[in-house]
Number of protein chains: 2
Amino acid sequence: MTATKKRRREPPRSYHHGDLRRSLIEAALELLAEEQNWTFSLREVARRARVSHNAPYNHFADKQQLLAAVAASGFLTLRDRMRKAIEGVDRPDAALVKTGVVYVRFGIENPAFYKLMFGSVLGSGEAERPEDLVEAADAAKSVLTGIIERGASSAVFPGLRNDPKRIQLASLAAWSLVHGFTMLAIDGLADGLPRRAFNAAAEQAAKTLVAGLKGSPE
Amino acid sequence: MTATKKRRREPPRSYHHGDLRRSLIEAALELLAEEQNWTFSLREVARRARVSHNAPYNHFADKQQLLAAVAASGFLTLRDRMRKAIEGVDRPDAALVKTGVVYVRFGIENPAFYKLMFGSVLGSGEAERPEDLVEAADAAKSVLTGIIERGASSAVFPGLRNDPKRIQLASLAAWSLVHGFTMLAIDGLADGLPRRAFNAAAEQAAKTLVAGLKGSPE
DNA sequence: CCATAATGTGGGCGTTGTCAACATAGGAGT
DNA sequence: ACTCCTATGTTGACAACGCCCACATTATGG
């Protein structure tokens with residue numbers, strides 16, 4: 001697919017839009033950033049993209065599916081940011097802390113976006129979870145898991161004993177910590193921490209967990 | 001002439017309801033449990049309580065306020081469960097682990113309820129957060145904080161040095177861990193852990209953090 | 001005993017999500 | 001080139017929603 005399509009100079013003023021699917025996702029992202037929630041209507045998204053209120057249904061089965069696509073894109077950019085953040089870092093313990101800080105910052109800087117990623121579809125009680133979304137979420141998690149695996153195999157985290165089961169649990173704990181921290185910070189439940197103290201607090205929290213991983217097994 | 005009053009009859013179901021406010025909250029809880037989300041309409045809640053679609057507005061400014069009341073009640077029962085769980089436990093480290101497990105279990109057993117507590121109002125981008133709700137959330141958190149304070153003053157968590165600032169951060173980290181773990185578990189992102197493994201996993205995660213707290217300061 | 005607040009009812013407005021029917025454009029096969 | 005198919009867009013409609021209004025009914029206290 002994506003063979004070389006004829007690049008018509010004709011701008012998308014025609015009846016057909018060109019790449020409406022992407023436009024809709026971008027419009028949704030705009031609204032999300034402006035209103036800091038996803039209560040905007042599908043019709044409003046369509047208006048932004050200058051199409052009729054029913055055009056979106058050619059690309060998304062319903063509003064949920066559009067939100068799911070937005071959420072998936074969020075997980076992917078989050079993954080990329082974490083990857084970039086640890087490009088030069090060798091020590092797994094340092095990398096883990098760094099990743100946590102970047103993760104939390106992403107959430108705090110895009111609160112509504114971050115909440116949407118987890119809140120709009122994943123936990124909405126729908127048994128039907130779009131494949132793309134779950135994949136994207138796993139891709140983000142795999143950054144954490146990868147670091148912990150390296151730490152386990154290089155004996156930086158001796159408590160894990162290089163045991164896949166323990167590694168899995170530790171990764172889950174790490175994700176839990178950063179995810180929970182981010183959520184609480186966004187929700188304004190992180191005590192009276194001033195805005196710029198979040199980074200330090202996140203770093204401290206991550207270090208506490210890493211200290212636990214460095215220790216011997218219980 | 002038309003306004004003839006027949007007030008000799010007095011069934012318990014009079015024009016006024018009695019305690020509609022509570023009934024509405026209970027109806028909302030029912031719907032929440034049944035549908036596992038809070039997309040139900042305010043009118044549906046009113047129907048459950050057998051009142052007109054406008055009666056709720058005498059007790060709640062809007063739908064959000066009703067959900068906020070439901071959320072607040074959730075935080076209070078969560079607090080109670082945690083308190084009860086550690087009634088006989090003396091050692092702060094054991095109490096902390098126990099509390100975490102109970103916390104996670106509450107969330108997993110009432111997934112939609114738990115998500116509502118954090119998702120419907122707190123993080124909805126509204127600057128206006130009902131006082132009751134924030135208070136109730138703090139009350140739940142205070143159980144964790146209380147344990148960590150005891151651990152700090154009794155030198156079970158020497159890393160904290162009995163320093164209020166460090167205690168605050170550690171409490172936040174603890175809450176982050178259990179909150180994040182619960183959310184991920186609810187969202188089905190906790191790997192392929194079988195349902196009954198959650199307890200063990202939660203316990204392990206909590207222990208890892210506690211191990212970090214027990215260690216010396218960095 | 002009645003004025004007034006508290007509480008519940010019915011009607012209505014503008015908007016929403018989604019369905020159905022129809023219109024248009026671009027390609028594939030002949 | 002012509003036709004037909006399919007992807008994609010449009011308009012129209014409907015029931016349901018949140019919330020506002022005016023009004024009805026009860027409770028209360030001066």
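Throughout, a chain's letter reflects where its sequence line sits, starting with A, and its residues are numbered from 1.
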For the side chain of [X] and the base of [N], is some donor closer than 3.5 Å to an acceptor across the two?
X: B:H53; N: C:dG8; answer: no
X: B:R21; N: C:dT7; answer: no
X: A:D62; N: C:dG17; answer: no

How close or far is atom [atom2] of [N] from atom [atom1] of [X], stated in whole angstroms?
X: A:D19; N: C:dA25; atom1: CG; atom2: P; answer: 19 Å
X: A:L42; N: C:dT18; atom1: CG; atom2: C1'; answer: 9 Å
X: B:Y57; N: C:dG11; atom1: OH; atom2: C1'; answer: 15 Å
X: B:L66; N: D:dC17; atom1: CG; atom2: P; answer: 15 Å
X: B:F60; N: C:dT7; atom1: CZ; atom2: C1'; answer: 14 Å
X: A:L31; N: C:dT16; atom1: CG; atom2: C1'; answer: 15 Å
X: A:K63; N: C:dT15; atom1: NZ; atom2: C1'; answer: 12 Å

>> For B:K141, give me all partners under salt bridge (Lys or Arg N to Asp or Glu O under 4.0 Å), at least two apart in sequence or on another chain.
In response: A:D191
> Among all residues two or more places apart in sequence or in another chain, which pass the salt bridge (Lys or Arg N to Asp or Glu O under 4.0 Å) test with A:E30?
Replying inline: A:R48
> Is any side-chain N or O of A:R43 closer than 4.0 Å to OP1 or OP2 of C:dG14?
Replying inline: no
Taking only residues two or more places apart in sequence, or in another chain, which ones meet [X] in a side-chain hydrogen bond (donor to acceptor under 3.5 Å, both in side chains)?
X: A:D187; answer: A:K115
X: B:E44; answer: B:R47
X: A:E26; answer: none

> Is B:S41 touching bases, backbone alone, or none of the nucleic acid, heavy atoms closer than 4.0 Å?
Replying inline: sugar-phosphate
> Rounded to the nearest 0.5 Å, how far does CZ of A:F157 lie from CG of A:L213?
Replying inline: 5.5 Å
>> Of the listed nucleotides (D:dC19, D:dT10, C:dT9), which one gets closest to any side-chain atom of B:N58?
In response: C:dT9
>> What's the closest nucleotide to the side chain of B:A55 if the choices are C:dT16, C:dG8, D:dG18?
In response: C:dG8
> For the residue pair A:F75 and A:Y114, is the inter-centroid distance of their aromatic rings smaller than 6.0 Å?
Replying inline: no
> More 5' along DNA chain D: A:H59 or B:Q64, using each one's nearest nucleotide?
Replying inline: A:H59
Could you list all N or O pairs between the protein and nucleotides 20-22 of chain C that sit under 3.5 Å apart?
{"residue": "C:dA20", "atom": "N6", "partner": "A:N54", "partner atom": "ND2", "Å": "3.0"}

